[in-house]
There are 2 protein chains.
Amino acid sequence: MKTENATLVFEALSSSARLDVFRLLVRYAPDGLVAGEIAQKLDIPSTNLSFHLKTLLHSGLVEMEKEGRFWRYRASVPLMLEIIAYLTDHCCCGDGDKKVKRTRNC
Amino acid sequence: MKTENATLVFEALSSSARLDVFRLLVRYAPDGLVAGEIAQKLDIPSTNLSFHLKTLLHSGLVEMEKEGRFWRYRASVPLMLEIIAYLTDHCCCGDGDKKVKRTRNC
DNA sequence: ATGAATGTTCAACGATTATTGAAGTATTGT
DNA sequence: ACAATACTTCAATAATCGTTGAACATTCAT
């Protein structure tokens with residue numbers, strides 16, 4: 001996980017609309033939902049949802065697949081696990097560069 | 001951890017400048033660094049650093065304390081641990097609302 | 001007191017983001 | 001073929017973010 005990719009993920013999660021979408025898709029993992037279902041459940045105009053889904057896609061946090069005339073979106077749980085690992089390793093207890101033993105709270 | 005606070009934290013980490021600042025402060029935890037040291041180590045103009053530090057302060061990810069004419073900044077490791085817990089609980093394996101047993105990768 | 005050092009706030013600008021309605025692209029049903 | 005469905009892309013607007021230099025407080029040294 002490079003820093004650049006991490007910032008993309010954090011940017012994707014920095015809007016409450018997108019965080020809601022992602023959490024919804026996690027609840028419906030591994031099948032995900034089609035765009036219309038997301039829009040209906042979260043009461044978001046479809047054109048706005050499309051905008052936010054594009055940001056989530058770009059970050060890698062969600063994946064997309066066409067299903068006839070439906071577009072199905074799924075959360076990428078593996079990437080979320082990578083992000084959690086990134087935060088634990090680089091942003092938590094100072095062991096990233098100094099290879100110090102974990103002593104504080106971890 | 002409310003969703004609103006989580007988005008504040010993600011927004012704070014969504015800029016590479018701020019992520020670099022936070023990681024630096026984590027490396028120097030628990031003492032932290034004064035603003036000038038951060039500016040020097042990361043080669044950021046002080047006025048720009050000040051702007052980013054304000055966002056980090058607002059999210060709670062860093063804390064500040066005056067030391068004579070220096071301003072010392074520290075990373076809030078406890079809040080980072082909360083964020084990791086939030087991601088694990090609500091954004092990882094779909095157990096947030098449905099109380100489903102963890103089966104996928106977790 | 002005076003000047004230097006530390007760091008913030010202010011003002012201004014360009015760049016990016018969020019939101020909405022209109023138009024466009026595929027796909028399905030009849 | 002034709003109309004309806006599902007969803008995106010485009011255009012336009014308001015709002016926010018990022019960056020910089022100038023001005024401003026506060027603290028320290030002499």
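Sequence lines set the chain letters: A, B, ... in the order given, protein chains first and strands last, and positions in each chain run from 1. Excluded from the calculations below are hydrogen atoms, water molecules and symmetry mates; all remaining heavy atoms, backbone and side chain alike, are included. Because the structure is a prediction, the values reported are computed rather than measured.
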Subject >> B:H52 vs D:dC17: side-chain N/O to OP1/OP2 distance below 4.0 Å >> reply: no
**OP:** Could you tell me which residues satisfy side-chain contact (heavy atoms from CB on, under 4.5 Å) with A:K54, sequence neighbours excluded, listed by chain and number?
**Re:** none
**OP:** Would you kindly give the CG-to-P distance between A:L13 and C:dT17, to the nearest whole Å?
**Re:** 15 Å
**OP:** Specify the separation, in whole Å, of atom CZ of B:R72 and atom C1' of D:dT27.
**Re:** 16 Å
**OP:** Could you check how far CD of A:E65 sits from P of C:dT27, rounded to whole Å?
**Re:** 14 Å
Original post:
Are the side chain of A:S14 and the backbone N or O of A:E11 linked by a donor-acceptor pair below 3.5 Å?
Top reply: yes
**OP:** Check the distance between D:dC17's C1' and A:E11's CD and give it to me in whole angstrom.
**Re:** 11 Å
**OP:** Would you tell me if any nitrogen or oxygen in the side chain of A:N48 comes within less than 4.0 Å of OP1 or OP2 on C:dA18?
**Re:** no
**OP:** Grab the CZ-C1' distance between A:R18 and C:dT19 for me, whole Å please.
**Re:** 12 Å
Original post:
Could you give the CD-to-P distance, from B:E67 to D:dT26, as a whole number of Å?
Top reply: 19 Å
**OP:** Take nucleotides 2-15 of chain C nucleotide by nucleotide from the 5' end and write B, S or -, depending on whether a protein heavy atom sits under 4.0 Å from the base, only from the sugar-phosphate, or from neither.
**Re:** ---BSSBBB-----
**OP:** Could you tell me the separation between the NE2 atom of B:H58 and the C1' atom of D:dT16, rounded to a whole number of Å?
**Re:** 14 Å
Original post:
When you measure from the side chain of B:E37 to the backbone N and O of B:V34, does any donor-acceptor pair fall under 3.5 Å?
Top reply: yes
